[in-house]
Amino acid sequence: MTRRVRLIVLAVGGAGLAVLLVAACLRLPGFGGTRHPYGDRVVRASLARHTANTIASVNFDQRAFDTLGEMGILFASVLGTVVLLRQTRDERRARPEPEDVALPVRRYALVVLPVALLTGLYVIAHGQLSPGGGFQGGVIAATALHLLYLGADYRALERIRPVGLYEIGDALGACAYLVLGLTGVVAGTSFLANTLLPYGTFNTLSSGGAVPLLNAAIGVEVACAVVVLLARFLDQAVEIEEGSGT
């Protein structure tokens, strides 16, 4: 395909997208008005299924299929990074050497690490009740582990970060989301339908039906994916060196 043809395809696609966006914007409710059709439906559906956090209801119930796509993008991105940053033949793995860490930095990192980790787990566990959820909590928990790298050294981080186990956790989190969705199909409803589990008592950890389980699956997948992603970049920066012949 020539450059001219690519530009023509891009222009046609961009023009079509622009037309669709303009058509959609023309039918939006007036800014500051009292008519909010989408918001009203979302809130009603969230309350009907005892999910206190409306955003979680959207992500893991009303539009759970979209969340599956977002999870797939993250999974594919991490997989691509692992493939692209794998050790090549002209590279060797050097043993990382510890560096001196300022005492205030060491103290801060080691004190904040457990707090940040617990905060991440809390955000995941309460995703259906309060702002946050699996995506946000997973990132917090994953990055909290790396405070050990800042407060100690890279070898200390490696001891609590066996990359192989986190790669398995990433795959298991993604599979758990899919299995929960297929459970609805097996039961005769539809994929990712929130109709099998009881909705529980409003504003409790067991409320929302399948929302807490899907949220937890996303939390595991995101946390493990971020750990693997950072591990591959840190390997390149700390351990992987070019061969002497290059």
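Throughout, numbering of the chain's residues begins at 1 and tracks the sequence.
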Can you tell me how far the [atom1] atom of [X] sits from the [atom2] atom of [Y], to the nearest 0.5 Å?
X	Y	atom1	atom2	result
T119	Q136	OG1	CD	14.0 Å
L213	T183	CG	OG1	9.5 Å
T143	H146	OG1	NE2	8.5 Å
T51	Y199	OG1	OH	8.5 Å
L113	L148	CG	CG	6.0 Å
L192	L180	CG	CG	8.0 Å

Check residues 25-44 and write down every donor-acceptor pair under 3.5 Å in which the side-chain atom is one partner and the other belongs to a residue at least two apart or another chain.
{"residue": "H36", "atom": "NE2", "partner": "G33", "partner atom": "O", "Å": "2.9"}
{"residue": "R41", "atom": "NH1", "partner": "P37", "partner atom": "O", "Å": "3.4"}

Determine whether a donor-acceptor pair (N or O, by modelled atom type, separation under 3.5 Å) exists between the side chain of [X] and the backbone of [Y].
X	Y	value
H50	S207	no
Q128	L205	yes
N53	G127	yes
N194	D61	no

Quick check: closest heavy atoms across [X] and [Y], and the distance to 0.1 Å?
X	Y	result
L178	F191	O-CE1, 3.9 Å
N203	A52	OD1-CB, 3.6 Å
S77	I73	OG-O, 2.7 Å
A217	A176	CB-CB, 4.1 Å

If you group Ile, Leu, Val, Met, Phe, Trp and Tyr by side-chain heavy-atom gaps below 4.5 Å, do [X] and [Y] land in one group?
X	Y	result
L230	I160	yes
L182	L68	yes
L147	I140	no
F60	L172	no
I124	V211	no

(request) List in chain and number order the residues that pass salt bridge (Lys or Arg N to Asp or Glu O under 4.0 Å) with D170, two or more places apart in sequence or in another chain; answer none if no residue qualifies. (result) none

(request) Taking the side chain as every heavy atom from C-beta outward, state whether E221 and Y177 have any pair of such atoms under 4.5 Å apart. (result)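 Heavy-atom side-chain distance check fails, nothing below 4.5 Å.
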
(message) Quick check: do Y166 and V220 have side-chain heavy atoms less than 4.5 Å from each other?
(response)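 Result no, sub-4.5 Å side-chain heavy-atom pair not found.
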
(request) Evaluate the side-chain contact (heavy atoms from CB on, under 4.5 Å) criterion for residues L157 and L234: first the C-alpha distance (whole Å), next the side-chain angles of each, then the deciding distance (0.1 Å), finally the verdict. (result) CA-CA 11 Å; L157 172 63; L234 283 173; 4.0 Å; yes

(message) With a 4.0 Å cut-off on N to O distance, would you call R232 and E167 a salt bridge?
(response)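 Between E167 and R232 there is a salt bridge, with a charged N closer than 4.0 Å to a carboxylate O.
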
(message) Under the ring pair (Phe, Tyr, Trp, His ring centres under 6.0 Å) definition, can you give me all pairs with a residue in residues 101-122, not counting sequence neighbours?
(response)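 Counting only pairs at least two positions apart or across chains, the ring pair (Phe, Tyr, Trp, His ring centres under 6.0 Å) contacts touching residues 101-122 are Y122-H126.
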
(request) State, without any angle test, whether D235 and Y154 hold a side-chain donor-acceptor pair at a distance under 3.5 Å. (result)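 Yes - a donor-acceptor pair under 3.5 Å links their side chains.
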
(message) Is it the case that atom CZ in F65 sees more than 12 heavy atoms from other parts of the structure closer than 6.0 Å?
(response)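 Open.
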
